[in-house]
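In what follows, a structure is listed as structure tokens, so that the remarks can point back to it.
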Amino acid sequence: MPELPEVEVVRRGIQQWSINRVISKVEVLHPRAVRRQIDDLAGELVGQQFGCASRRGKYLWLPFVGEDSCLIVHLGMSGQLLVQPEDSQFEKHLRVRIAFADGGNDLRFVDQRTFGLVQTDELIDDGAGGGIPSHVAHIARDPLDPLFDEDIFISAVRGNDTEIKRVLLDQGLVSGIGNIYADESLWRSKIHGNRRASSISPVHLKNLLDQAREVMSQALEAGGTSFDSLYVNVNGDSGYFSRSLNAYGQEGQPCPRCGSAIQREKFMNRSSFSCPRCQRPQRHSER
DNA sequence: CATAGATCCTGTATGC
DNA sequence: TGCATACAGGATCTAT
């Protein structure tokens, strides 16, 4: 579930539950979630206090008050950050449990597919007066970020001889966009994902970014309603997806614009959805 | 060097 | 019912 809107919903949710609380205990239930930090995550965390939650693309982090370090969380494909009573039963895929000195709710990282990540890291200068974890420094800003530089994106893309969908998914060029919002942005822009990025004019690229902004903003609004005050509800199926998706997951359904059946194509071992009439693919001979 | 494809996991849905 | 296969919202490594 986690692309920019979902991660942002989690950030806002986790923020109010974690701010200024002192960590008292950390349990790691699956080594992969913490990668190499299996032996020292607890040592790094216990005694620290969380500050304001930040996000870059799909990464979020909680800085430690008074330190130049933080806890990074990446949800991967299936990660969830939950706020749960400390005596509540462990979730089946609970990977990391963080308890607080106040004895209130735990912060829990639950992740079925174990692509997610929970790690401490040092904060470095982000070049704009803020801090960013060193592991996240290579991630570009997202298109909703006021400091996102459209011109840098466009010049980078025009020297890039790959498919436009791959560009949208390249977190080093523009962050926050995943398979769903890439397909939705491309559908709204009437561009097929296999178009060579370098063949798309700056005007069309700007429009594509605008469409990405719009669809992710709308998703963020819808995601906000799924937040439950008892715990951070990371349920991506909350209304938005059944109502508002035009292309993603809509194989065989009529294109809302022209009525043609939405098609599914293989892409990077998963799927791309597009309208065969509105979004003309680039043929091999044209590459 | 750039790029397209494979890969890490676990679970669910589908088909024979 | 049992078994095999395909696929899932990410990121990164590896052949070519």
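Keep in mind that the numbers below use all heavy atoms, side chains included, and drop hydrogens, waters and symmetry copies.
In the set B/dT7, B/dA4, B/dT3, the nucleotide with an atom closest to the side chain of A/N269 is B/dT7. Checking B/dC8, B/dG11, C/dA8 against the side-chain heavy atoms of A/K92 singles out B/dG11 as nearest. Distances from the side chain of A/R32 to the nucleotides B/dG11, C/dC7, B/dC8 place B/dC8 closest. For A/D161, whose side chain is taken as the heavy atoms from C-beta onward, the closest listed nucleotide among C/dA11, B/dT3, C/dA8 is B/dT3.
Here A/N160 reaches the OP1 or OP2 of B/dT3: one of its side-chain N or O atoms lies under 4.0 Å away. Between A/T162 and the phosphate of B/dA4, there is a side-chain N or O to OP1/OP2 separation shorter than 4.0 Å. Phosphate contact (OP1/OP2 of C/dT12, side-chain N/O of A/R166, threshold under 4.0 Å): absent. Taking only side-chain nitrogens and oxygens, A/H93 never comes nearer than 4.0 Å to OP1 or OP2 of B/dT10. Between A/K266 and C/dC7, a side-chain N or O to OP1/OP2 separation shorter than 4.0 Å is present. An OP1 or OP2 oxygen of C/dA11 is reached within less than 4.0 angstrom by a side-chain nitrogen or oxygen of A/Q171.
The same atom, P, is picked in C/dC3 and in B/dC9; the two are 24 Å apart, to the nearest Å. Across the P atoms, B/dC1 and C/dA11 are found 25 Å apart, a figure rounded to whole Å.
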Inset, instruction - Taking Watson-Crick and G-U wobble pairs with both distances under 3.5 Å, convert DNA chain C into its dot-bracket string, 5' to 3', dots for unpaired and | for cross-strand pairs. - result: .|||||||.|||||||

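Annotation: side chain of A/I72 is in contact with side chain of A/Y59 (closest heavy-atom distance under 4.5 Å).
Judged purely by distance below 3.5 Å, without hydrogens or angles, the side chains of A/D121 and A/H135 pair a donor atom with an acceptor atom.
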